[in-house]
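Reading through the structure tokens given below for one structure.
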There are 2 protein chains.
Amino acid sequence: MSSVIEKKSRMAADERRVLVLDAASTVFGNAGYAGATTDMVARAAGVSQPYVVRMFGTKEQLFLEVLHRALERIMSAFREAIAGDPEVPVARRLGNAYFTLTADRSILLNLMHAFVLGADPVIGVQARCGFMDVYRLLREEAGMSAEEASEFLAGGMLANVVLGMRLFDDYATDPAVRELLGAVFPEKLELIRKGHPPLPASTPPRVT
Amino acid sequence: MSSVIEKKSRMAADERRVLVLDAASTVFGNAGYAGATTDMVARAAGVSQPYVVRMFGTKEQLFLEVLHRALERIMSAFREAIAGDPEVPVARRLGNAYFTLTADRSILLNLMHAFVLGADPVIGVQARCGFMDVYRLLREEAGMSAEEASEFLAGGMLANVVLGMRLFDDYATDPAVRELLGAVFPEKLELIRKGHPPLPASTPPRVT
DNA sequence: TTGCGTTGTAATCATCCGATTACCTAATTC
DNA sequence: GAATTAGGTAATCGGATGATTACAACGCAA
């Protein structure tokens, strides 16, 4: 019922910092960079709004840190997978690693928000750099061909979109959704579905 | 050098309406829903800001119209492709149609912006509906299997991300970008590259 | 020309948001 | 235990933004 961390009075700034970063990741992931406010982040972290901006300088720098941390997690998860059991093909190991990452929607959602802001002079640059870092990892460290890497990334982007769209919210009401999700997350469907329950006020889909 | 349409004095409201919708598509596509302002749209369309909101009621309704029009264009392009030359496989026809759509970045970018806003109570619903409409078209009208449709959509999502990220801006400076783009747009690379010149102030990528 | 509906804008409003300032209080040090 | 640093917040500011209102100019019909 209670939150995981419920400290009273003072806390080390470093601890508070990761709390705020976690909150920012969730908020930015749901609302996007421009749609989120520093006050939303502050409330989610249980601190005051001025404290958030003073810790990170600007809203933009806060988002860049969130983005950077998301990329770090992906890269390290992939590196672990690459160093894993050589019996199973590397593409499958990486796929499993990616699947594990979906447990925290915000990681992948923040990446997607950055990816579609390529026209932004500062976020766009970081998005391109981060994306190409991942591509290079697939090519050079995982030993994939350009076509294999492209195909792997394509599947990942579709998974990201499906998560961002909250398609799981319509799992119960639309058989086509079930079918598609089954194709996007082969074998893992039931597992991943448990981690993505529909929002409380899930509106039934209306056709236009 | 001059814009396509340069009418003086009065114009029929319907004509003006499509001008504003075109402008809105570009602006929303670049900045996203929350990042764009009605004033940016107004300036791009050459009208006053109050006129924009009076024509469409609210900024949200304007975005929904942009989104709806984008979906309509995709659906009709796909239906044309499905009705095309039966000699060439339908997946290839659809791929060509999708490639043609990339000529207007904003169509696909607005879709992506909507797709990552699934948590929004009104945009999210439209995003899911529109996406599933496309999926159903692939399954029922194009006769694809669930796996074929999923694979097709995956490739499309990667293409959208690559366009949104403005990866073409780094084509000249990064060989890995060239390689990846070659894998994402097989055969069509040179063709599509002509339609996506880098921004004037293209910042060279910095590694973090 | 007068009248009137359509097309459009200038001015303005209320709100929100990121950022700044000034201040407060719990620890830590000496 | 006084002094000092570190961890915070309340209050507020200036600018941006979506929306409203009131008004102006054009064009057409009688």
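Here is how names work: the chains are called A, B, and so on, in the same order as the sequence lines, proteins then strands, and each is numbered from 1.
- Taking atom CE of B:Met55 as the reference point, atom C1' of D:dA19 lies 15 Å away to the nearest angstrom.
- Residue A:Phe56 contributes atom CZ, which lies 16 Å from atom C1' of C:dA19 at whole-angstrom precision.
- An OP1 or OP2 oxygen of D:dT17 is reached within less than 4.0 angstrom by no side-chain nitrogen or oxygen of B:Thr38.
- Between the P atom of C:dG8 and the CG atom of B:Asp14 lies a distance of 11 Å, rounded to the nearest Å.
- For the pair A:Lys59 and A:Tyr33, the cation-pi test (distance below 6.0 Å, angle within 45°) is passed.
- Sequence order on DNA chain C of the closest nucleotides to A:Pro50 and A:Met40 puts A:Met40 first from the 5' end.
- A ring-centre distance under 6.0 Å is not found for A:Phe185 and A:Phe99.
- Distance, A:Tyr51 OH to C:dT20 P: 17 Å, rounded to whole Å.
- Interatomic distance, CG of B:Leu109 versus OG1 of B:Thr102, reported as 11.0 Å (0.5 Å rounding).
- B:Arg54 places its CZ atom 19 Å from the P atom of C:dT12, with the value rounded to the nearest Å.
- Across all strands shown, B:Ser48 has heavy atoms under 4.0 Å from base atoms, whether or not it also approaches the sugar-phosphate.
- The distance from atom CE of B:Met11 to atom P of D:dC26 is 15 Å, rounded to the nearest whole Å.
- The distance between atom CZ of A:Arg10 and atom C1' of D:dT9, rounded to the nearest whole Å, is 10 Å.
- The pair B:Arg69-B:Glu72 does not count as a salt bridge, with every side-chain nitrogen at least 4.0 angstrom from each carboxylate oxygen.
- When heavy atoms are screened at a 4.0 angstrom cut-off, A:Ala36 is found touching the sugar-phosphate backbone but no base atom.
- With rounding to whole Å, A:Lys59 atom NZ is found 9 Å from C:dC17 atom P.
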